[in-house]
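What follows is a single structure, written as structure tokens, with notes after it.
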Amino acid sequence: MEWENRGNCALEYVSRVHTVMDYIERHLDGELSLEKLAQVAGFSKFHFHRIFYSQTGETLFGFIMRLRLEKGAGLLAGNSRITVTEAAMASGFANSSSFARSFKQHFGASPSQWRVNPDCRDNRNMGMTTRNSGQMDRNPEKSLQVSKVYIEYAGTTQIWRYVMAEQARTVEVKEVPGWTVAYVRYVGPYAGDGELFESLNSKLFKWAGARGLVRFPDSQHLIVYHDNPEITEEEKLRISVCLTVPADTQVDGEIGKMTLAPGKYAFARFQLGVADFSEAWTWVYATWLPDSGYVPDDGPCLELYHGTGPDEEGRFTVDICVPVKPL
């Protein structure tokens, strides 16, 4: 019993630190004081720094600074119309000069250089590599070729239908009311690691199944990519394997709960084998987005899985989901 209690205590620490990480991510443009974050975690402010570092390997404010800089880098790389000052303010910096100094120290390039010169980003050896899931390829020549495209309008929803050599594609832009999800989180490299995704899914579904929370087709199975692998170092990439649950669901230990914010998302439907995800993500960013009239909005990208697993040919039916806003 003593060892069981010690294990539960350790998992409670993990759960509380994950809760704080989620809070920080949602409030990067606000004031993130030690007192407030310790209160969110339910720990004494005098000990929270050490607890956070012991769980993450980063200092609390080092983590905050990194996410703010990565958010700013993503804004500059993804939207040519945003100014450096606007990116700085949206990322939680008091002014553009402090943002620029910290940015150059972290990335080795100024914000202006980062935006106009992709080689600055590649020089940090954080370019795209093939992986199991959620990965873009920076080479647009690999993007799938489109022969025809049709746009339909159903109320306030827009649907793009592409006729392609390999298979048809559809992209639907629609409002999402938000999801409450239970999740298992992983931090670190996940490129091409099918066993890792299988393990995370197994852990989540065993927990949810024992509580009667697996209710397909009503349940939604998602993977949330909190970080941009073009910007964040591999060892610090965060993913959450998620299942939608009722808002009052109780979680514990390494099973966390969070709310995915409502907003407008593009849903790009694919049937993909394990080796096909990279090309699919490339197609969304290199082919669909530039011609869509939208730009990526602030917030994580998702993969929404349909069905209970791969088909007989080992392919998954999945929506690549990107938060978007008008250009």
Side-chain angles (χ1 to χ4, degrees), residues 17-41 45 48-49 52-53 55-127 187 224-238 258-261 263-264 285 294-301 322-327:
V17 169
H18 282 173
T19 297
V20 170
M21 293 169 79
D22 292 338
Y23 180 88
I24 292 170
E25 189 168 24
R26 293 195 305 269
H27 298 86
L28 281 175
D29 59 348
E31 183 178 353
L32 296 171
S33 66
L34 173 61
E35 290 78 5
K36 178 60 180 179
L37 296 177
Q39 181 183 27
V40 170
K45 68 178 182 179
F48 183 50
H49 263 303
F52 188 90
Y53 182 80
Q55 293 291 319
T56 67
E58 290 185 271
T59 66
L60 175 62
F61 292 108
F63 176 80
I64 294 171
M65 178 63 75
R66 178 171 66 82
L67 261 63
R68 281 176 166 165
L69 288 169
E70 290 172 355
K71 178 178 179 178
L75 290 171
L76 291 170
N79 185 353
S80 61
R81 298 188 179 188
I82 195 170
T83 67
V84 172
T85 299
E86 288 170 340
M89 301 303 290
S91 305
F93 285 84
N95 53 64
S96 60
S97 59
S98 62
F99 172 67
R101 286 194 302 270
S102 299
F103 193 98
K104 187 162 187 177
Q105 183 178 8
H106 185 77
F107 289 108
S110 71
S112 299
Q113 291 170 326
W114 176 274
R115 174 163 53 193
V116 301
N117 186 2
D119 289 340
C120 293
R121 308 195 280 273
D122 293 339
N123 286 341
R124 284 183 54 87
N125 296 318
M126 293 188 295
V187 180
V224 178
Y225 295 92
H226 299 272
D227 304 296
N228 183 343
E230 189 179 16
I231 297 171
T232 305
E233 298 171 6
E234 251 194 345
E235 293 75 14
K236 297 173 182 176
L237 291 171
R238 294 166 298 146
M258 62 181 172
T259 301
L260 302 179
K264 192 184 295 291
Y285 276 83
Y294 292 95
V295 293
D297 201 358
D298 191 24
C301 295
V322 179
V324 294
K325 61 183 178 181
L327 182 64

Report the residues that fulfil salt bridge (Lys or Arg N to Asp or Glu O under 4.0 Å) with Lys36, sequence neighbours left out, ordered by chain and then residue number.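 If we apply the salt bridge (Lys or Arg N to Asp or Glu O under 4.0 Å) test to Lys36, skipping adjacent residues, there are no hits.
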Applying salt bridge (Lys or Arg N to Asp or Glu O under 4.0 Å), name anything that partners Glu35, two or more places apart in sequence or on another chain.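 Salt bridge (Lys or Arg N to Asp or Glu O under 4.0 Å) list for Glu35, sorted by chain: Lys45.
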Within a strict 4.5 Å, meaning less than it, do heavy atoms of the [X] and [Y] side chains meet?
{"X": "Lys264", "Y": "Asp297", "answer": "no"}
{"X": "Leu60", "Y": "Ile24", "answer": "yes"}
{"X": "Val84", "Y": "Arg115", "answer": "yes"}
{"X": "Arg238", "Y": "Met21", "answer": "yes"}

Quick one: do Lys236 and Asp227 satisfy side-chain contact (heavy atoms from CB on, under 4.5 Å)? Show the steps, please. CA-CA 9 Å; Lys236 297 173 182 176; Asp227 304 296; over 6 Å; no
Can you tell me how the ring of Trp114 sits relative to the ring of Phe103, calling it parallel under 30°, perpendicular over 60° and tilted otherwise?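 Plane angle over 60°, so perpendicular.
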Considering non-hydrogen atoms only, spot the tightest contact between [X] and [Y] and give its length.
{"X": "Ala41", "Y": "Val20", "answer": "CB-CG2, 3.3 Å"}
{"X": "Pro323", "Y": "Gly299", "answer": "CG-O, 3.6 Å"}
{"X": "Tyr285", "Y": "Val322", "answer": "OH-CG1, 3.7 Å"}
{"X": "Thr56", "Y": "Val17", "answer": "CG2-CG1, 3.8 Å"}
{"X": "Leu76", "Y": "Thr83", "answer": "CD2-O, 4.3 Å"}
{"X": "Phe107", "Y": "Leu69", "answer": "CE1-O, 3.7 Å"}

CD of Glu25 to CG of Leu67: how many Å apart, nearest 0.5 Å?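 Interatomic distance, Glu25 CD to Leu67 CG, rounded to 0.5 Å: 6.0 Å.
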To the nearest 0.5 Å, what is the distance between CG (Leu237) and OH (Tyr225)?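 Nearest 0.5 Å value for the CG-OH distance: 10.5 Å.
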Please collect all salt bridge (Lys or Arg N to Asp or Glu O under 4.0 Å) contacts where either partner lies in residues 62-77, sequence neighbours excluded, each pair once.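 Salt bridge (Lys or Arg N to Asp or Glu O under 4.0 Å) check on residues 62-77 returns Glu58-Arg66, Arg66-Glu70, Lys71-Asp298.
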Could you tell me whether the side chain of His106 and the main chain of Ser102 form a donor-acceptor pair under 3.5 Å?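 No: the side chain of His106 does not pair with the backbone of Ser102.
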Listed once per pair and sorted, the ring pair (Phe, Tyr, Trp, His ring centres under 6.0 Å) pairs that draw on residues 60-81, sequence neighbours left out: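 Residue pairs passing ring pair (Phe, Tyr, Trp, His ring centres under 6.0 Å), neighbours aside: His49-Phe61, Phe52-Phe63.
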Applying ring-ring contact (aromatic ring centres under 6.0 Å, His included), name anything that partners Tyr53, two or more places apart in sequence or on another chain.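 Checked Tyr53 against ring-ring contact (aromatic ring centres under 6.0 Å, His included); zero matches.
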Identify all side-chain donor-acceptor contacts of residues 89-99 below 3.5 Å with residues at least two apart in sequence or on another chain.
unit_1 : atom_1 : unit_2 : atom_2 : d
Ser91  : OG     : Gly72  : N      : 3.1
Ser91  : OG     : Ala87  : O      : 2.7
Asn95  : OD1    : Ser97  : N      : 3.3
Asn95  : OD1    : Ser97  : OG     : 2.7
Asn95  : OD1    : Ser98  : N      : 2.8
Asn95  : OD1    : Ser98  : OG     : 3.1
Ser98  : OG     : Asn95  : O      : 3.1

